[in-house]
Number of protein chains: 2
Amino acid sequence: MSDFAARAIAERLFFGYRAFTGDADRVLASRGLGRAHHRALYFIERAGSIPVHELLATLGITKQALTRVLRELMDAQLVERRQDPADGRRGILTLTETGRALELSLLHAQRARIELALAQAGPNGREAIHTFLEALMEPEDRARIGLAL
Amino acid sequence: MSDFAARAIAERLFFGYRAFTGDADRVLASRGLGRAHHRALYFIERAGSIPVHELLATLGITKQALTRVLRELMDAQLVERRQDPADGRRGILTLTETGRALELSLLHAQRARIELALAQAGPNGREAIHTFLEALMEPEDRARIGLAL
DNA sequence: TAGAAACGTCAACATGGCTGACGCAGTTAT
DNA sequence: ATAACTGCGTCAGCCATGTTGACGTTTCTA
C-alpha cells in the first residue's frame, strides 16, 4: 500500500475521532467530568452490569486509574457497586438512573454526527465501515464486543 | 438512528482508534517520545514545511503545549525551525533527514493495520470509508486537508 | 488453616494538556 | 520615526489521566 493511501486514512481517523469525542467532551465538561468517566459509563451501560476486573480489561488501564474514576462516579451518584453474590471479593458495577440518563445524553451528543456520516457514506457503505473498523481493532477487543476473533 | 446503531459505531471507533495509535505508540516509546510528538512530525512532513501558527491551528493546542513538543523535537534533531523570509516574526518548521525517517517508520508501523482493514472492507468499501471519516470531521479540519468544507 | 485472589488505597511520578503573565523582535499604521 | 500590534518563546502553576510499587483487608480455595 502506498504511503499516500495510508496517510489519507491516518489523518481522517485523527480528525474524525477528535470531532467524534469532542461532541461528548463538551457535555462532560459542563458536568465536571472527563473522557475517562465517559468510557466507564459507556461500558457499564453496555453490559447492564459488569465486574470490576472486566471493566479493567476492557479499558486497558490500571486498577489505580480506574478506582479514581469510579470513586468520582460513585460520589456523583452515577455508578453503584455491589458484591458479586457468587464471589464476595468481586465487585459488580451498575449505573444509577441518573447515570443511565447521562450516558444516554452523551451518546445522543455523538449520534447526530454518526448518523450524518453514515448517511453520507450511503446505504451500502455501512457494512464496509463496520468491517473496516472491526479489522483495525485488536482481536482481543473484537471478542470483547461479541465478534469473532 | 437507533441508539444501538450509534453504539456499534462508537465502540468500533474507540477500539479501532486505540489499536491504530497503539502501533505508533510502541515505536515512539522506544525513542522516548509520545503521541504529541508524532502528531507534530506527521503534519510537518505532510506539509513539507509549515508555519508555526498553522501547525498550532491544525493540532488545536496552545502554543505553550506545542512549544514544549517542538523544543524536544529540535533537541532530538528531528525538526528545524527557520525564519519566514517574508515576515521575520514567523517561524517555519521542517523535518531533518532523521525526522523524515522517523515519521516514515511511524507511518509504516500503522500501515499494515490500515492495509489489512481496507482489504477486509473490499474494493468498493474504500470510498465509503473515506466519505464516512470525512463526514465525521469538523468542516474546518476538512478544509485543512484540502477537502471542500 | 495457610495461601492466593480481588480489590481499595496511599504515594510518587510522567505526559500532555491548560491559563496567565511577560518579553522581545519584527511589522504595520499614523 | 515612533507607537502599537503581532508572532512567538518562556516562566510558572495547575489539571486530568495515566503509570509503578507497596500495603492492607476481605474472601475464597486447596
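Below, chain A is the first sequence line, B the second, and so on; all start at residue 1. Just so we're clear, the structure is a prediction, and the values are computed from it rather than from any experiment.
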Quiz item: When the distance from CG of B:Asp87 to P of C:dC24 is rounded to whole Å, what number comes out?
Solution: 20 Å
Practice problem: Identify whether any heavy atom of A:Gly60 sits under 4.0 Å from a base atom; if not, whether one sits that close to sugar-phosphate; answer base, sugar-phosphate or nothing. | Solution: sugar-phosphate
Practice problem: Measure from CD1 on B:Ile92 to C1' on D:dC8 and round the result to the nearest Å. | Solution: 14 Å
Quiz prompt | Between A:Phe14 and B:Phe43, ring centroids under 6.0 Å | solution = yes
Quiz item: A:Glu72 or A:Gln83: which one's nearest nucleotide on DNA chain D is closer to the 5' end?
Solution: A:Glu72
Quiz item: How long is the line joining CG of A:Leu33 and P of D:dA16, in whole Å?
Solution: 10 Å
Exercise. Mind checking A:Val52 for me? I need base, sugar-phosphate or nothing, with any heavy atom below 4.0 Å counting as a touch.
Key: sugar-phosphate
Practice problem: Would you kindly check whether a donor in the side chain of B:Gln64 faces an acceptor in the base of D:dG13, or vice versa, at under 3.5 angstrom? | Solution: no
Self-check item: Comparing A:Asp84 and B:Gly91 on DNA chain D - which has the more 5′ nearest nucleotide
Solution: B:Gly91
Exercise. Measure from CG on B:Leu66 to C1' on C:dC18 and round the result to the nearest Å.
Key: 14 Å
Exercise. Remember a base hit wins even if backbone is also touched, and classify A:Ala65 as base, sugar-phosphate or nothing at under 4.0 Å, heavy atoms.
Key: base
Exercise. Sort out for me which residue in A:Arg111, A:Arg113, A:Gln110 forms a side chain to side chain donor-acceptor pair (under 3.5 Å) with A:Asp23.
Key: A:Arg113
Quiz item: Applying the 4.5 Å side-chain criterion to the ILVMFWY set and letting contacts propagate, would A:Tyr17 and A:Leu116 be lumped into a single cluster?
Solution: no
Exercise. Please report, rounded to the nearest Å, how far the P atom of C:dA14 is from the CG atom of B:Leu28.
Key: 19 Å
Exercise. Taking the six-membered ring of B:Tyr42 (Phe, Tyr or Trp), confirm whether the NZ or CZ of A:Arg7 is under 6.0 Å from its centre and within 45° of its axis.
Key: yes
Quiz item: Roughly, in whole Å, what's the span from CG in B:Asp25 to C1' in D:dT19?
Solution: 14 Å
Quiz item: Within this structure, what is the CZ-to-P distance between A:Arg89 and D:dT26, rounded to whole angstrom?
Solution: 14 Å
Self-check item: base_contact_polar (C:dG17 base, B:Arg35 side chain, donor-acceptor, <3.5 Å)
Solution: no
Quiz item: Would you say the side-chain atoms of A:His108 and B:Asp3 include a donor-acceptor pair closer than 3.5 Å?
Solution: yes
Quiz item: Between B:Thr67 and D:dT10, is there a side-chain N or O to OP1/OP2 distance below 4.0 Å?
Solution: no
Practice problem: Would you indicate which nucleotide in C:dG16, D:dT17, C:dC7 comes nearest to any side-chain atom of B:Arg68? | Solution: C:dG16
Quiz item: C:dC7 P sits how many Å from A:Leu55 CG, rounded?
Solution: 11 Å
Quiz item: At under 4.0 Å, does any side-chain N or O of A:Arg39 touch on OP1 or OP2 of D:dG18?
Solution: yes
Quiz prompt | Closest nucleotide among C:dG17, D:dA22, D:dC8 to the A:Lys63 side chain | solution = D:dA22
